[in-house]
*Asks:* 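For reference, the structure I am asking about is given below.
Values below: every heavy atom of this structure, side chains too, minus hydrogens, waters and symmetry copies. Letters go in sequence order (proteins before strands), and every chain restarts at 1.
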Amino acid sequence: MNDRLLSSTVDEAVSSRLSGLLTEDTRPGYSGYLVAPENLLEAVQILRDELGFDYLSSVTGVDYLEEDRLETVYHFYRSTGGSGLVLKSSCSRENGRIPSLTPIYPGAEFQEREAWDLLGIRFEGHPDLRRILMWEGFDGHPLRKDWREPYFEEEAKPFKSRWPDGKAVRSEEKTPFGDNVCFPPDFDPQTWQAEPETVIERLQQDEKPLADEEIQTDRIVVNLGPQHPSTHGVFRMTVMLDGETIVSLKPVMGYLHRNHEKIAERNTFLQNMPFTDRLDYLASMSNNFGYAIAVEKLMGVTPPERAEYIRVIMAELTRISSHIMTTGFLLNDLGAFFTPALYALEERELILDIFEMVSGSRMMCNYFRFGGVVRDIPEDVLGRIRQLVTDRLPRKIDELDSYLTNNEIVKTRCQGVGVLTDVQAIAYSAAGPILRASGVPYDVRRADPYSIYDRFDFDVAVQTHGDVYDRYLVRLQEMRESLKILRQALRDIPGGPVLAGKPQYQVRVPAGEAYGRVEGPKGELGFYVVSNGKPNPYRYHVRAPSFINLTSLETMCMHQKVADAVVVLGSVDIILGEVDR
Amino acid sequence: MNPSPESIQNQDYQIPVELRQQVTITTLDRIYNWGRRNSMWPMMFGLACCAIEMICTAASRYDFSRFGMEVMRASPRQADVMIVSGTVTKKMVPQIVRLYNQMGEPKYVIAMGACASGGGPFKEGYNVVSGIDKFVPVDVYIPGCPPTPQALLNGLITLQKKVDHETIKSARWYRSDPVPEIPVPILGPDLIDVRRIEAIRQTIQTLADEAGNRPQEGEA
């Protein structure tokens with residue numbers, strides 16, 4: 001009710017202020033507004049400055065091959081909460097251009113680079129439009145509908161060649177090169193020259209020298225990663241150092257880009273559920289949650305009460321296990337090698353045991369279904385969760401608190417390091433603990449409640465300094481708030497079915513678009529799904545919080561010592577499966 | 001598994017009872033392999049989801065230092081076994097091959113999980129290498145997505161069994177001829193396996209010929 005009231009005022013405000021610039025998107029199943037590329041910047045400026053849509057949540061594109069156009073899709077929100085606004089702008093597939101939003105929303109930088117890399121949308125005015133997930137020199141833009149991967153079989157699954165009708169043949173035997181590669185016809189490996197990496201030039205261009213520089217010193221470029229004990233996974237930070245101080249930093253990613261979105265567009269809707277597990281592999285239940293919500297929005301189904309409670313219980317347990325591991329590994333980055341992480345992993349194992357009992361797998365739970373969850377929680381497991389939530393975890397979180405919060409070394413290393421102000425955090429589209437540690441009390445569970453989160457009494461953890469220490473404090477408090485939610489959910493959980501309707505392998509999803517978002521442990525996790533009524537999604541995009549949080553990494557690390565960059569990266573809490581997808 | 005002297009004792013020789021506590025008669029191979037198998041140091045190198053299970057295996061509950069994987073080394077020079085723990089992408093494989101080349105002999109590779117063994121659920125992806133064994137020789141494959149810590153331990157113990165059956169006489173790293181390095185693949189329009197450049201060139205040629213011939217056939 002409240003939600004509808006707010007969105008109607010949004011509509012009125014938008015239509016009265018921007019009537020000349022925007023037209024309503026009237027395609028069945030679609031919502032939001034269309035804007036011509038030449039009006040985009042003007043409309044967005046008004047949206048941000050006059051209508052308060054200061055948070056650019058997601059930028060992505062859709063390739064409408066039959067209509068010969070590429071459509072960029074923007075999702076705006078207000079950092080004070082409420083429902084969002086969807087804006088779309090189209091350009092032609094050949095040489096189409098869209099103005100870049102980076103001057104107004106710096107948080108669009110990496111997302112626009114991704115759209116350029118994967119879809120070939122050229123953003124005019126973008127400061128650094130290079131490929132981001134693939135390498136420079138890669139042939140083609142893979143997410144275009146007419147681009148085919150080397151192992152291409154058919155447009156959509158289930159493939160005819162597979163069981164039960166066909167006989168599966170190894171993919172390698174079907175390609176001319178005998179491997180997962182494909183070369184353009186004019187390629188000659190003997191005369192071909194590799195394109196040099198441009199990241200060093202970018203480092204030099206964006207260098208911000210120290211203000212009080214008395215002595216002219218040489219710069220050193222250091223690569224941290226992709227194989228480096230300080231980076232969390234296969235992530236690479238190239239830094240330019242003046243002495244020990246960072247004067248320029250560029251993240252390089254894509255080392256774990258495993259084509260989640262391309263594979264997802266070939267999969268059926270349900271086949272994508274196990275793939276979402278492998279996005280943020282420390283929080284598979286949260287990923288399931290986001291995807292289920294997006295598709296349920298399209299299908300128009302509501303899960304039964306018991307399923308909603310089970311979902312919340314699982315999502316909050318996931319949040320605790322993810323945060324506790326992050327806290328442990330933050331200490332690892334500070335130099336307390338592995339001992340704190342061992343304490344954290346001990347608690348995580350107990351939560352994983354519950355996941356294994358419930359879903360059959362420790363990490364890759366694949367537990368949610370459209371309209372509920374796949375199977376009920378056994379009664380003895382509820383008892384174990386109760387014991388964990390009321391007895392063990394509160395004690396252990398207090399223990400962690402008592403060891404770390406007032407620890408002299410933790411304080412000295414973390415306070416005042418990697419500062420991001422509230423204005424910067426919103427501008428860079430930071431999400432989750434990063435945003436809240438900078439003093440913005442924005443939590444999707446509270447700002448735009450989904451599932452049954454409006455029923456629970458909990459506080460949004462928030463701190464004001466925006467440094468590494470405050471991010472740690474926010475995570476600590478969030479674990480306690482999660483326990484609060486869990487206690488309420490375990491108290492109120494009703495009996496009944498856990499799935500709306502019959503279990504189905506193939507779901508019918510009406511044509512249209514939906515953006516489902518949840519507050520994952522790393523921040524706002526969004527799934528943008530476009531259906532054209534067929535059994536597989538036409539477009540499937542993940543708004544990955546760890547990926548977008550990295551946009552502000554350079555700002556956070558600027559003029560810090562190189563050893564602190566490692567800590568800052570630890571506090572951002574990236575999971576490469578989600579960054580690179 | 002048990003690093004006690006009995007496990008390396010050569011049963012063919014009778015040692016006087018009074019000396020049994022102090023003396024063991026064994027073969028050079030056995031004592032050498034016994035030492036190596038019980039100090040298999042993995043490289044601290046994680047790729048994807050499987051790396052998290054590898055960390056869990058190292059942590060207190062499963063604790064693979066019980067079996068001699070005492071410490072994980074961040075430097076390839078100090079590592080004995082490379083656990084390829086996750087999806088190998090085209091962008092990452094040059095670095096993996098380089099790391100493998102930098103490891104000192106004797107060196108072993110474990111392909112942990114479905115992705116490293118053969119591409120796994122992401123095999124059809126355009127940026128995914130269909131198994132690390134396309135580039136680097138693999139000693140043990142561990143199935144699972146991800147394999148549980150128990151499965152990883154089983155894989156590591158399987159590797160120990162493999163070490164038990166090796167002999168100094170035929171060990172690759174004691175031969176006088178140099179062990180050839182694996183050429184590092186290059187990122188071009190797609191991943192270029194340097195060893196297959198000639199085959200790639202011929203295939204492109206054949207494909208071009210076929211494409212050129214097709215319209216002519218149509219005319220005829």
*Asks:* Looking at chain B, which one of A:P185, A:G233, A:P226 has the largest number of heavy-atom pairs inside 4.5 Å, strictly under?
*Replies:* A:P226
*Asks:* I'd like to know whether B:K123 forms a salt bridge (charged side-chain N to carboxylate O under 4.0 Å, His left out) with A:E149, so could you lay out the CA-CA distance, the side-chain angles of the two residues, the decisive distance to 0.1 Å, and finally the verdict.
*Replies:* CA-CA 11 Å; B:K123 179 171 180 177; A:E149 63 272 32; over 6 Å; no
*Asks:* Please report the shortest heavy-atom distance between B:C145 and A:M364, naming the atom on each side.
*Replies:* O-CG, 3.7 Å
*Asks:* Does some side-chain heavy atom of B:Y62 sit less than 4.5 Å from a side-chain heavy atom of A:L345?
*Replies:*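 Heavy-atom side-chain distance check fails, nothing below 4.5 Å.
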*Asks:* Which one of A:C182, A:P274, A:A194, A:G577 has the most heavy-atom pairs closer than 4.5 Å to chain B?
*Replies:* A:C182
*Asks:* Quick check for you: among A:V234, A:L133, A:I263, which has the greatest number of heavy-atom pairs under 4.5 Å with chain B?
*Replies:*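 Maximum pair count with chain B is reached by A:I263.
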*Asks:* Using heavy-atom distances under 4.5 Å, tell me whether A:M325 contacts chain B through its side chain, its backbone, both, or neither.
*Replies:*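 Answer is side chain: those atoms of A:M325 sit under 4.5 Å from chain B.
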*Asks:* Counting heavy-atom pairs closer than 4.5 Å to chain B, which one of A:H228, A:Q190, A:E136 comes out on top?
*Replies:*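 Heavy-atom pairs under 4.5 Å are most numerous for A:Q190.
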*Asks:* So for B:A48, is it side chain, backbone, both, or neither that comes closer than 4.5 Å to the heavy atoms of chain A?
*Replies:* both
*Asks:* Stepwise, does the side chain to side chain contact (heavy atoms under 4.5 Å, CB included) test hold for A:M134 with B:K90?
*Replies:* CA-CA 9 Å; A:M134 303 305 288; B:K90 290 177 184 172; 5.9 Å; no
*Asks:* Measuring only between side-chain heavy atoms, which start at C-beta, is B:R61 closer than 4.5 Å to A:R348?
*Replies:*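 They are not in side-chain contact.
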*Asks:* Below 4.5 Å, heavy-atom pairs only: which of B:G119, B:A51, B:G125 has the largest tally toward chain A?
*Replies:* B:G125
*Asks:* Treating A:N259 as the side-chain partner and B:Y126 as the backbone partner, does any N or O pair qualify as donor plus acceptor under 3.5 Å?
*Replies:*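 Answer holds: yes.
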*Asks:* State whether the number of non-hydrogen atoms from other residues, nucleotides or ligands found under 6.0 Å of A:Y343 atom OH is greater than 12.
*Replies:*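 No - once you tally the heavy atoms of other residues, nucleotides and ligands closer than 6.0 Å, there are 12 at most.
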*Asks:* Heavy-atom pairs under 4.5 Å with chain A: which of B:P121, B:A58, B:C115 has the most?
*Replies:* B:P121
*Asks:* With only heavy atoms counted, which part of B:I96 is less than 4.5 Å from chain A, the side chain, the backbone, both or neither?
*Replies:* neither
*Asks:* Is B:R201 in contact with chain A via its backbone, its side chain, both, or neither, using a 4.5 Å heavy-atom distance?
*Replies:*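 Interface part for B:R201: both.
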*Asks:* Under a 4.5 Å heavy-atom cutoff, which of A:D179, A:D139, A:N180 has the most pairs with chain B?
*Replies:* A:N180
*Asks:* For the pair A:W192 (side chain) and B:P189 (backbone), establish whether a donor and an acceptor sit closer than 3.5 Å, ignoring hydrogens and angles.
*Replies:*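 Judged by distance alone, no pair lies under 3.5 Å.
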*Asks:* Select one option (side chain, backbone, both, neither) describing which atoms of A:F235 are under 4.5 Å from chain B's heavy atoms.
*Replies:* neither
*Asks:* Identify the heavy atoms of B:K91 and A:G254 that sit nearest to each other, and give their distance.
*Replies:*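 Residues B:K91 and A:G254, closest heavy atoms: CD-O, 3.7 Å.
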*Asks:* Kindly compute the distance separating CZ (A:F138) from CG (B:L187), expressed to the nearest 0.5 Å.
*Replies:* 10.0 Å
*Asks:* Is B:Q202 in contact with chain A via its backbone, its side chain, both, or neither, using a 4.5 Å heavy-atom distance?
*Replies:* neither
*Asks:* Go through the atoms of A:R236 and report whether side chain, backbone, both or neither lie under 4.5 Å from a heavy atom of chain B.
*Replies:*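 When you check distances to chain B, no heavy atom of A:R236 falls under 4.5 Å.
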*Asks:* Between A:M363 and B:C49, which heavy-atom pair has the shortest distance, and what is it?
*Replies:*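 Of all heavy-atom pairs spanning A:M363 and B:C49, the closest is CE-O, 3.5 Å.
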*Asks:* Looking at A:F177, is its backbone amide N or carbonyl O close enough to the side chain of B:R196 to form a donor-acceptor pair, meaning the two atoms are under 3.5 Å apart?
*Replies:* yes
*Asks:* Measure from the side-chain N and O atoms of B:Q95 to the backbone N and O of A:Y255, and report whether any donor-acceptor pair falls under 3.5 Å.
*Replies:*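 Between the backbone of A:Y255 and the side chain of B:Q95 there is no qualifying donor-acceptor contact (under 3.5 Å).
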*Asks:* Heavy-atom count around A:Q193 CD within 6.0 Å, excluding the residue itself: above 12?
*Replies:*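 No, because the 6.0 Å sphere around CD of A:Q193 holds 12 heavy atoms or fewer from other groups.
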*Asks:* Flag the pair A:L256 / B:T87 as yes when at least one side-chain heavy-atom distance between them is below 4.5 Å, and no otherwise.
*Replies:* yes
*Asks:* Does the side chain of A:F183 reach to within under 4.5 Å of the side chain of B:I192, using non-hydrogen atoms?
*Replies:*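 Answer yes - side chains close enough.
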*Asks:* Under the 3.5 angstrom rule, does the side chain of A:Q227 hit a backbone N or O of B:M44 as a donor-acceptor pair?
*Replies:*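 Such a contact is found between A:Q227 side chain and B:M44 backbone.
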*Asks:* Is a donor from one side chain sitting under 3.5 angstrom from an acceptor on the other, for B:S130 and A:Y151?
*Replies:* yes
*Asks:* Side chain, backbone, both or neither: which part of B:K134 has an atom under 4.5 Å from a heavy atom of chain A?
*Replies:* side chain
*Asks:* Side chain, backbone, both or neither: which part of B:I186 has a heavy atom under 4.5 Å from chain A?
*Replies:* side chain
*Asks:* Heavy-atom distance under 4.5 Å to chain A: side chain of B:A59, backbone, both or neither?
*Replies:* both
*Asks:* Report the option among B:T148, B:I200, B:D193 that has the most heavy-atom pairs separated by less than 4.5 Å from atoms of chain A.
*Replies:* B:I200
*Asks:* Relative to chain B, which of A:D186, A:I575, A:D580, A:D353 shows the most heavy atom pairs under 4.5 Å?
*Replies:*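 Maximum pair count with chain B is reached by A:D353.
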*Asks:* For B:A74, is it the side chain, the backbone, both or neither that has a heavy atom under 4.5 Å from a heavy atom of chain A?
*Replies:*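 For B:A74, backbone and side chain are both near chain A.
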*Asks:* Ignoring hydrogens and angles, tell me if any N or O in the side chain of B:D190 forms a donor-acceptor pair with the backbone of A:V181 under 3.5 Å.
*Replies:*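 A pair under 3.5 Å: no.
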*Asks:* Heavy-atom distance under 4.5 Å between the side chains of A:E349 and B:S60, does that happen here?
*Replies:*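 Of all side-chain heavy-atom pairs linking B:S60 with A:E349, none is under 4.5 Å.
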*Asks:* So does B:E124 pair up with A:R258, basic N to acidic O under 4.0 Å?
*Replies:*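 Salt bridge flag = no for A:R258 with B:E124.
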